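Accompanying notes for the structure given below.
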Amino acid sequence: MRRITGALYKAWAFIRRDFLIESSYRSAFVLQFGGVLVSVGIWYFLSGMISGAAPVMKNVPGGDYFAFVLVGVAFYNYLTVALTSFASRIRNEQLTGTLEAMLATPTRTPMVILASSLWDFTFTSFRVLVYLGVGILVARFASRPITIHWGGLLPFAVILALTILAFCGTGIIVASVVIYLKRGDPINALIVSASALLGGVFYPVERLPAWLMKVSALLPITYALRGIRAALLEGASFGALFGEIRVLAIFVIALVPVGLLVFRWSLRAARRDGTLVQY
């Protein structure tokens, strides 16, 4: 019990520290939500044009392309934050000269890695709620209401948790590259672009050529968005979403331990070469 309490206290300390840093830049903090409003507006007007030109897009989950892309873009944020958060936090610690001191504390390395990005995921969750809320309000005022099926909230919560963990595993691997090579941008760009192209963010995966659909099946975001859309927009049950949940669980089991192992290897290699605090 004391270990759990201690872990929660440390996690809260990381969140509080990063919140104070983020909120000290008030303009940037507030303007992020202005970007949400602009993004929702873009996709609303673009969806009207696409739906009119391609009636097949009305057969997507939710029955409306705006609902489809709104959910896709909103939860795509979790992938981008997972890929950038771990690496950027580690990079910042290197730049400020606190990385080695932080890793030398009694706190275990996995705790340091995960807790350092808790604020980013917390703030991203808030942004996703704002994104969905604004989109639902815009659709309602435009007489194109989006229906959220509350009966699918429980399977949605399970899929979201697995999604975040799977994305975290990938993000930790990218952070490992930053530890050793000091640069992880090319890998980030490749994964983010491939996920946007093949993961069903902007259009159904089924619209891809058959050979690209096989590549899409290797990405966790494909199953994440399919499951989230089915749960929120169609009210799918656990039974209907078992396939997506099972695959996401496999991704978690594979990516998180591998990410932590690669991170530890990168730390040992950087310490051995004397490059841990170099930037």
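Note that the structure is predicted; figures quoted are calculated from it, not measured. Heavy-atom basis, side chains included; hydrogens, waters and symmetry copies ignored.
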Search all heavy atoms of [X] against all heavy atoms of [Y] and return the closest pair with its distance.
X	Y	value
Val205	Met213	O-CG, 3.5 Å
Pro204	Phe68	N-CZ, 3.5 Å
Leu225	Gly200	CD1-O, 3.7 Å
Arg229	Val201	NH2-O, 3.0 Å

Side chain to side chain contact (heavy atoms under 4.5 Å, CB included) partners of Trp211, counting only residues at least two apart = Pro209
Residues at least two apart in sequence or cross-chain that pass side chain to side chain contact (heavy atoms under 4.5 Å, CB included) with Val134, listed by chain then number, are Leu37, Val40, Val130, Val138
Sorted by first residue and then second, give each salt bridge (Lys or Arg N to Asp or Glu O under 4.0 Å) pair with at least one member in residues 39-49; sequence neighbours left out.
-> none
Can you list every salt bridge (Lys or Arg N to Asp or Glu O under 4.0 Å) pair that touches residues 127-140, not counting sequence neighbours?
-> none
Tell me every residue that passes ring pair (Phe, Tyr, Trp, His ring centres under 6.0 Å) with [X], counting only those two or more places apart in sequence or in another chain.
X	value
Phe45	none
Phe121	none
Tyr76	none

Report yes if the side chains of Ile148 and Leu233 come closer than 4.5 Å at any heavy-atom pair, otherwise no.
-> yes
By side chain to side chain donor-acceptor pair (under 3.5 Å), which residues pair with Ser125, not counting sequence neighbours?
-> Tyr78
In one Ile/Leu/Val/Met/Phe/Trp/Tyr side-chain cluster, 4.5 Å: [X], [Y]:
X	Y	value
Ile146	Leu153	yes
Ile250	Leu241	no
Leu129	Phe66	no
Ile253	Val247	no
Val192	Leu212	yes

Can you give each donor-acceptor pair under 3.5 Å made by side-chain atoms of residues 157-170, sequence neighbours left out, with the distance rounded to 0.1 Å?
unit_1, atom_1, unit_2, atom_2, d
Thr163, OG1, Ile159, O, 2.7
Thr170, OG1, Ala166, O, 3.4

Rounded distance [0.5 Å steps], [atom1] in [X] versus [atom2] in [Y]:
X	Y	atom1	atom2	answer
Lys214	Leu198	NZ	CG	14.5 Å
Ile191	Ile221	CD1	CD1	11.5 Å
Leu132	Leu137	CG	CG	11.0 Å
Ile172	Leu83	CD1	CG	11.5 Å

Please collect all ring pair (Phe, Tyr, Trp, His ring centres under 6.0 Å) contacts where either partner lies in residues 127-166, sequence neighbours excluded, each pair once.
-> Phe75-Phe156
List, by chain and then residue number, the residues other than Phe242 in its hydrophobic cluster (Ile/Leu/Val/Met/Phe/Trp/Tyr, side-chain heavy atoms under 4.5 Å); write none if there are no others.
-> none
Which word best sums up how the rings of Phe126 and Phe123 line up, parallel for under 30°, tilted for 30 to 60°, or perpendicular for over 60°?
-> tilted
Applying side-chain hydrogen bond (donor to acceptor under 3.5 Å, both in side chains), which residue pairs with at least one partner in residues 217-226 are found, sequence neighbours left out?
-> Ser216-Thr222
Exam field: side chain Tyr203 to backbone Val69, donor-acceptor pair closer than 3.5 Å = no
